[in-house]
Amino acid sequence: MADQDTAGGAPSGERSDSSRKRAIHDSLERYWMSNVRIMAILTVLWLAVGLGCGVLFADVLNEYYLPGTGYPLGFWFAQQGSIIGFVLIILVYCLLMNRLDARHHAELESLRNGGREGS
């Protein structure tokens, strides 16, 4: 009876384990929501660069020329610019996800250890 919680009657060890599991579950939800937000933003950027600059707005961009080359900007985006944009988007995704993974891992370790030293 000494380790019974006075309010709910459940052992205090079970209560802390349950709250820790809930905190880990909440942490995983925040992680995936952040991941989805990053992917959504980068997908919109990908569409803007690939479809927008390379196809939809190519005629408008063709009024401008790439400095030093004489190539119309719309043509350049359709041929090379969108590819460079895709590679940069992949780089940004990797950097953002590495940062998110490190933050999430530190939060999970803190929750598993029972303390808040990682926050």
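Please read all numbers here as calculations on a predicted model, not as lab measurements.
Listed for the Ser82 side chain is a donor-acceptor partner under 3.5 Å among the backbone atoms of Phe77. For Ser27 (side chain) and Ala23 (main-chain N/O), no donor-acceptor pair under 3.5 Å exists by modelled atom type. A donor-acceptor pair under 3.5 Å is formed between the side chain of Asn113 and the backbone N or O of Glu109.
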Check the pair Leu42 / Val92 against side-chain contact (heavy atoms from CB on, under 4.5 Å), numbers first and verdict last. CA-CA 9 Å; Leu42 293 178; Val92 168; 4.0 Å; yes

Output, in order, the C-alpha distance, side-chain angles, deciding distance and verdict of side-chain contact (heavy atoms from CB on, under 4.5 Å) for Phe75 and Leu66. CA-CA 10 Å; Phe75 173 77; Leu66 195 62; over 6 Å; no

Apply side-chain contact (heavy atoms from CB on, under 4.5 Å) to Tyr65 and Tyr71, showing your working. CA-CA 5 Å; Tyr65 291 89; Tyr71 289 112; 5.8 Å; no

Derivation of the side-chain contact (heavy atoms from CB on, under 4.5 Å) call for Tyr93 and Leu96: CA-CA 5 Å; Tyr93 178 74; Leu96 290 174; 5.9 Å; no

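With rounding to the nearest 0.5 angstrom, the OG atom of Ser110 is 10.0 Å from the CD1 atom of Ile24. Here the straight-line distance linking atom CG of Asn98 with atom CZ of Arg103 works out to 12.0 Å at 0.5 Å rounding.
Contact between Arg20 and Leu111 at its shortest, heavy atoms only, is CD-O, 3.0 Å. Leu28 approaches His104 most closely through the heavy-atom pair CD2-NE2, 3.5 Å.
In this structure the side chain of Met97 reaches within 4.5 angstrom of the side chain of Leu100, judged on heavy atoms. You'll find the side chain of Gln80 stays beyond 4.5 Å of the side chain of Ile83, heavy atoms only. Side-chain contact between Pro72 and Leu61: absent, with no pair of heavy atoms (C-beta onward) separated by less than 4.5 Å. Within the 4.5 Å cutoff, side-chain heavy atoms of Ile84 are placed close to those of Leu88.
Other residues, nucleotides and ligands contribute more than 12 heavy atoms inside 6.0 Å of the OH atom of Tyr31. Around OH of Tyr64, the count of heavy atoms belonging to other residues, nucleotides or ligands within 6.0 Å does not exceed 12.
When hydrophobic clusters are built by joining Ile, Leu, Val, Met, Phe, Trp and Tyr residues whose side-chain heavy atoms come closer than 4.5 Å, directly or via intermediates, Leu45 is grouped together with Met39. Under a hydrophobic clustering in which Ile, Leu, Val, Met, Phe, Trp and Tyr are joined whenever their side-chain heavy atoms come within less than 4.5 Å, directly or via other members, Phe57 and Val55 fall into the same cluster.
The salt bridge (Lys or Arg N to Asp or Glu O under 4.0 Å) check on Arg30 picks up Glu107, with sequence neighbours excluded. Here Glu29 pairs with His25 under the side chain to side chain donor-acceptor pair (under 3.5 Å) rule; sequence neighbours left out.
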